[in-house]
Amino acid sequence: MTVSIPTLETKRLILRGPEPDDYPDFKATFTSYRARFMGGPLNAYESWMLYAAEIGHWQIRGYGMWMIHDKATDETYGMAGGWKPAKWPEQELAWVIWPDAAGKGYALEAVDAARRYFYTQLGWDGAVSYIDPKNLDSIRLAERLGAVKDKSAQTIDGNDAVYRHPSPAQLDGSQLAHGIEMEIGHYADPLFKPKGWALD
């Protein structure tokens with residue numbers, strides 16, 4: 001049975017399932033230095049295999065990573081969503097932003113939408129993000145999403161830090177949720193230019 005991948009819409013973005021036409025942007029990122037915290041840079045074959053896994057994950061798990069598209073131009077900015085390949089201890093909220101799209105709040109906006117979908121539509125009671133301890137940009141993003149380092153959680157291979165996201169009950173109607181919404185709104189305002197913030 002083929003899983004129908006839902007489409008999510010936010011203020012600036014449309015999240016759609018990965019398609020073959022999206023592969024060149026994915027390959028350009030994962031074969032570059034940008035992928036240094038995600039097992040890369042990969043060679044062309046490894047990049048192709050990982051992208052095939054991104055598509056197949058939806059069929060195996062019933063959820064996966066969306067491709068992040070600009071609502072107005074359809075340009076792709078990266079990927080965000082759920083990820084749990086073999087040997088992953090827990091279901092993960094993950095993201096990657098293409099190098100030239102970093103620092104504009106796209107990851108925050110996309111991951112927030114993905115998390116809300118998993119919590120409200122799939123009944124997830126929580127999630128983690130596995131992050132390289134040297135990946136300060138992703139750590140800062142996880143913290144902006146309310147995730148807290150969980151030193152007692154099982155890691156993937158001992159080389160990653162586990163950031164645990166707030167549960168649906170902790171998030172619903174909270175000051176954190178309101179703050180995330182406000183930050184996304186500020187990024188959507190072309191007059192807003194945050195200074196001194198870590199990049200996505």
Hey, mind stepping through Ser167 and Asp125 against side chain to side chain donor-acceptor pair (under 3.5 Å) and telling me if it holds?
CA-CA 6 Å; Ser167 68; Asp125 58 5; over 6 Å; no

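The side-chain hydrogen bond (donor to acceptor under 3.5 Å, both in side chains) with Ser129 is formed by just one residue from the set Glu92, His165, Arg164; it is His165. Exactly one residue among Leu108, Leu171, Leu176 makes a side-chain contact (heavy atoms from CB on, under 4.5 Å) with Leu145. That residue is Leu108. Among the candidates Lys11, Arg116, Arg12, Lys71, the single residue satisfying the salt bridge (charged side-chain N to carboxylate O under 4.0 Å, His left out) test with Glu109 is Arg12.
Once rounded to the nearest 0.5 Å, the distance linking CE of Met65 with CD of Glu54 reads 5.0 Å. Here the CD-CG distance, from Glu75 to Leu13, works out to 11.0 Å after rounding to the nearest 0.5 Å. With values rounded to the nearest 0.5 angstrom, Leu93 atom CG is found 6.5 Å from Tyr119 atom OH. Distance check, rounded to the nearest 0.5 Å: CD1 of Ile68 to CG of Asp22 gives 11.5 Å. Taken to the nearest 0.5 Å, the CE atom of Met67 stands 14.0 Å off from the CD1 atom of Ile14. Atom-to-atom distance recorded for Tyr23:OH and Trp48:CH2 is 8.5 Å, nearest 0.5 angstrom.
Under the 4.5 Å side-chain heavy-atom criterion for Ile, Leu, Val, Met, Phe, Trp and Tyr, Met182 and Ile180 are members of distinct hydrophobic clusters. Hydrophobic clustering of Ile, Leu, Val, Met, Phe, Trp and Tyr side chains at less than 4.5 Å, counting indirect connections, keeps Val148 apart from Leu136. Phe118 and Ile60 end up in different hydrophobic clusters when Ile, Leu, Val, Met, Phe, Trp and Tyr side chains are linked at under 4.5 Å.
Using a 3.5 Å distance cut-off with no hydrogens or angles, the side chains of Asp150 and Tyr163 do not pair a donor with an acceptor.
Atom CH2 of Trp124 has more than 12 neighbouring heavy atoms from other residues, nucleotides or ligands inside a 6.0 Å radius. Residue-environment remark: CD (Glu143) exceeds the threshold of 12 foreign heavy atoms within 6.0 Å. Within a 6.0 Å sphere centred on NZ of Lys27, heavy atoms belonging to other residues, nucleotides or ligands number 12 at most.
Summarising the geometry of Ser47 relative to Phe30, their closest heavy-atom pair is OG-CB, 4.3 Å, with the distance given to 0.1 Å. Residues His57 and Gly82 share a closest heavy-atom pair of CE1-O, 3.9 Å. When all heavy atoms of Ala153 and Val162 are compared, the pair lying nearest together is CB-CG1, 3.7 Å. Shortest non-hydrogen contact noted between Thr10 and Ala113 is CG2-CB, 3.6 Å. Contact between Ala107 and Leu141 at its shortest, heavy atoms only, is CB-CD2, 3.5 Å. Here the shortest heavy-atom pairing between Tyr187 and Gly103 reads CE2-O, 3.8 Å.
Taking the six-membered ring where the residue is Trp, the centroids of Trp83 and Tyr130 are separated by 6.0 Å or more. Remark: aromatic rings of Trp66 and Trp58 are close, center separation under 6.0 Å.
Counting only distance, with no hydrogens or angles, the side chain of Trp95 and the backbone of Gly81 share no donor-acceptor pair below 3.5 Å. Using modelled atom types, no side-chain atom of Gln59 and backbone atom of Gly56 make a donor-acceptor pair closer than 3.5 Å.
The residues Arg144 and Glu183 are annotated as salt-bridged, a charged nitrogen and a carboxylate oxygen being separated by less than 4.0 angstrom.
Between Ser138 and Ile131 the shortest side-chain heavy-atom distance falls below 4.5 Å.
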